[in-house]
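Shown next, in structure tokens, is the structure this report addresses.
Atoms within a ligand are numbered from 1 in the order they appear, just like the ligands themselves.
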Amino acid sequence: MDSIFHAMNPTSIPLDRFNRDSQVVFFTGAGISAESGIATFRDPDGHWSKYDPMKLASQAGFREDPDLVLNWYADRREAILQAQPNAGHTSISDFQKLFKRSVVITQNVDGLHERAGNQTIYELHGNIHRHKCNSCGKIINLANENMRELKRCDCGGRVRPDVVWFGESLPRETLNRAFNAVQSCELMFSIGTSAQIYPAAQLPFEAKSRGAYIIEINPEPTPFSRKADVSVRDDAGSALPKFYEEFHAQFK
Ligand code: OAD
């Protein structure tokens, strides 16, 4: 029977079902970066409560006002560069030392998983630290580039953030790898996602249908909560270190 825990209760997890060879997926959304000070999308103070996503995250919006779109992403990128990974991200690195066969599948474009030292990261929605040409598709790493000044590719096409916009497909290879990982995983943490945007939101359902044990961490309920084996109403930076302690005590 599905169970929902509104408070942290790690002892309810059947730890003996897992071992160091278990395949584990950390599936994350904007909520894991909230404690780093990065705004989410659908919370009351999230981006989509202030801005029209179709103006800022679609081809139509980019065609209508490319500077508005580029400046919005440049503002976000500058905020992200000032931010630091939080205890949620670093706990995943700790977990990955326990579970060598683990991957991170994220909808986030902020690069904080990588900065926290997480391994094998599948970025479903791209990465804000890259641009791509809207005409020829050339990828431009922004490490040393000023996003506000770079407006045209060598081919003359307009450049844009290498992130997935509404109406666009997810990167096929990355999506395939993510589904493969989910189909063989035994344990999934679904962390800080409202579980509303498909195909990413399909992943926890897919893992569940394949028999994985799913731990959801989110201060609010989501459309997936009732399917989760455990759904914890807590912040990622608070809950993940506690779960890590439980698993670590079992496997050390
Ligand atoms: P959302 O903004 O939709 O959801 C963020 C979730 O994080 C919410 O369910 C919050 O309750 C939860 N949350 C907030 N603070 C948290 C914390 N400290 N710890 C844990 N959870 C917390 O973000 P996503 O689900 O990532 O796509 O959104 C999916 C996609 O929609 C995004 O990748 C973006 C957006 O439009 C594109 O831009 C293509």
Answer yes if the side chains of Gln59 and Asn134 hold a donor-acceptor pair under 3.5 Å, and no otherwise. yes

Partner residues of Ala39 under the side chain to side chain contact (heavy atoms under 4.5 Å, CB included) criterion, sequence neighbours left out: His47

Between Arg42 and Thr40, does a side-chain hydrogen bond (donor to acceptor under 3.5 Å, both in side chains) hold up when you go through it step by step? CA-CA 6 Å; Arg42 293 175 186 78; Thr40 63; over 6 Å; no

Pocket residues of ligand 1, ordered first by chain and then by residue number (heavy-atom cut-off under 4.0 Å): Gly29, Ala30, Gly31, Ala34, Glu35, Thr40, Phe41, Arg42, Asp43, Trp48, Gln107, His125, Val164, Phe166, Gly192, Thr193, Ser194, Ile197, Asn218, Pro219, Glu220, Asp235, Ala236

Looking at Trp165, I'd like to know if the NZ or CZ of Arg160 sits under 6.0 Å from its six-membered ring centre while staying within 45 degrees of the ring's axis. yes

Side chain to side chain contact (heavy atoms under 4.5 Å, CB included) with Lys97: which residues, sequence neighbours excluded? Asp94

Got a list of side-chain donor-acceptor pairs under 3.5 Å for residues 185-196, not counting sequence neighbours?
from: Glu186; atom 1: OE2; to: Gln23; atom 2: N; distance (Å): 2.8
from: Thr193; atom 1: OG1; to: Gln107; atom 2: NE2; distance (Å): 3.0
from: Thr193; atom 1: OG1; to: Ala195; atom 2: N; distance (Å): 3.1

